[in-house]
S.K.: 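Sharing a structure with you now.
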Protein chains: 2
Amino acid sequence: MSTTATGSTASRREQILSAAAELFARYGFHGVGIDDIGAAVGVSGPALYRHFRSKDAMLAEMLTGISDKLLSGGRGHVENAADAATALEELVGWHVEFALTNPALITVHLRDLDSLCEADRRRVRELQRGYVEVWVTALRAVRDDLDEHTARACAHAVLGLINSTPHSAHLDAATMSTLLRRMALDALGIPRTPPEGLHGR
Amino acid sequence: MSTTATGSTASRREQILSAAAELFARYGFHGVGIDDIGAAVGVSGPALYRHFRSKDAMLAEMLTGISDKLLSGGRGHVENAADAATALEELVGWHVEFALTNPALITVHLRDLDSLCEADRRRVRELQRGYVEVWVTALRAVRDDLDEHTARACAHAVLGLINSTPHSAHLDAATMSTLLRRMALDALGIPRTPPEGLHGR
DNA sequence: TCGACGGGTTAGTCATCGTTAACACAGTGA
DNA sequence: TCACTGTGTTAACGATGACTAACCCGTCGA
């Protein structure tokens, strides 16, 4: 009755994945045992095999989940933007928000990608590539002086900047967010958007 | 006779550490076996115990080595600089060069720190903290509008930017270097140094 | 009332892997 | 010549840890 309130099955998986992400982030995929993950959600050990085919399957689902969310989210924010300049700003803001909200996912995704089996790793890499491509086109729409390779290098570097969040002893979320947005846009060589009249938000 | 040319013992350890770093970077500390490391240097398995007390000892020596090199190198570059502005530029340039030259070390140092035992981890963390402090003071000497916490967050973010190098499909080293230096300084809010007369180097 | 089923338990199996043991053997200084 | 040391080998040991087997039980639709 306690945990069976809303949508038992689906949310159970989510709950496990979330706990596993936290542990993977702290100790690394190979540094975490099945029993640890079980203990983190209040069941012990092999019970997890009722929900996942294997430990690797957890990692796979976790990583494809993140990459997928990033890709679709990134695309959505770019498409809904008025012009190229705000598209890039939206993208930066969105990724900053994601990184600040899900530090564990960011860490795992940077760190344990190569613990996946060949097939899954390819899937994730493909999604990542797509996400970077979103950045590259958004960036080149504003900075047409950049060739494709340079733009890609810039995108990787800025993603690195934003993704470094989990390692930094951060300020409170709000200041951190504005700081990172500013640094990212500066690094990308985007001229500061002039305040030009203070609108609502 | 073949490998015994110059300084057998010392260079043997270095050779092993270098091979191990490459493997750790690709597969993660726990994803690499003793036998793998041995094979990478042409001996097989337990021979390594003639040179290191344990697998963990390898990682420990590797990580303290890097951190130590970064700290002393960073300090040196700052001290030898003419003024505060060039000190920061030197620091950026030095770290960029280090990251481009030793991608494997950077990766391992970001990824497998928590595989160390408590004591070693503390040692490494202390060195890292010192290095970041070098950045913080160098940065605040130029940007006196930043309080200490913000400066530290900036430093972490820029180190993240530069350290993302190993993951990016880079251009050739030279262009990558200038690109990263420019991005880092922009992110730190340092006004572009005017060319003001082309001196020798 | 009752079978099916989702989800949990504990005890065991099996592979992997770090580490040690026991042995080999080339060079080198007495 | 001989012992010693530095470096390597292969064979075992022991712990760890992913996964499976066998069993249990509350709930829910017929």
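Letters A, B, ... mirror the listed sequences (proteins, then strands); counts begin at 1. These numbers were taken from a predicted model, which means no experiment stands behind them.
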S.K.: Write down the distance between NZ (Lys55(B)) and P (dT19(C)), rounded to a whole number of angstrom.
M.R.: 8 Å
S.K.: Is any side-chain N of the basic residue among Asp114(B) and Arg111(A) closer than 4.0 Å to the acidic one's carboxylate O?
M.R.: yes
S.K.: Using a heavy-atom distance cut-off of less than 4.0 Å, which residues of residues 22-40 of chain A contact DNA chain D?
M.R.: Val32(A), Gly33(A), Ile34(A)
S.K.: Of the candidate nucleotides dA11(D), dT9(C), dG8(D), which contains the atom at the shortest distance from the side chain of Arg12(B)?
M.R.: dG8(D)
S.K.: What ring pair (Phe, Tyr, Trp, His ring centres under 6.0 Å) pairs are there with at least one residue in residues 137-165 of chain B, not counting sequence neighbours?
M.R.: none
S.K.: So, are Arg122(A) and Glu126(A) salt-bridged, with charged N and O less than 4.0 Å apart?
M.R.: no
S.K.: For Arg123(B), I'd like to know if atom CZ has over 12 heavy atoms of other residues, nucleotides or ligands within 6.0 Å.
M.R.: no
S.K.: Can you tell which of dT9(D), dT9(C), dC19(D) lies closest to the side chain of Ser54(A)?
M.R.: dC19(D)
S.K.: Rounded to whole angstroms, how far apart are CG on Leu59(B) and P on dG18(C)?
M.R.: 13 Å
S.K.: To the nearest Å, how far apart are Asp56(B) CG and dG18(C) P?
M.R.: 9 Å
S.K.: Are any of the side-chain nitrogens in Arg140(A) or Asp144(A) under 4.0 Å away from the carboxylate oxygens of its partner?
M.R.: no
S.K.: Kindly point out which of dT20(C), dT9(D), dT9(C) is positioned nearest to the side chain of Pro46(B)?
M.R.: dT20(C)
S.K.: Rounded to whole angstrom units, what separation is found between the OH atom of Tyr49(A) and the C1' atom of dG17(D)?
M.R.: 9 Å
S.K.: Keeping to residues at least two apart or across chains, list the salt bridge (charged side-chain N to carboxylate O under 4.0 Å, His left out) pairs with something in residues 99-109 of chain B.
M.R.: none
S.K.: What is the separation between atom CZ on Arg53(B) and atom C1' on dG18(C), rounded to the nearest whole Å?
M.R.: 14 Å
S.K.: Does the Arg121(B) side chain pair with the main chain of Leu116(B), one donor and one acceptor, at a distance under 3.5 Å?
M.R.: yes
S.K.: Quickly work out the Phe52(A) CZ to dG6(C) P distance and round it to whole Å.
M.R.: 16 Å
S.K.: Taking only side-chain N and O atoms of Arg13(B), does any of them lie within less than 4.0 angstrom of OP1 or OP2 on dG6(D)?
M.R.: no
S.K.: Identify which nucleotide among dG8(D), dT19(C), dT10(D) has an atom closest to any side-chain atom of Ser44(B), counting heavy atoms from C-beta outward.
M.R.: dT10(D)
S.K.: On the nucleotide dT20(D), are OP1 or OP2 found under 4.0 Å from the side-chain N or O atoms that Arg50(A) carries?
M.R.: no
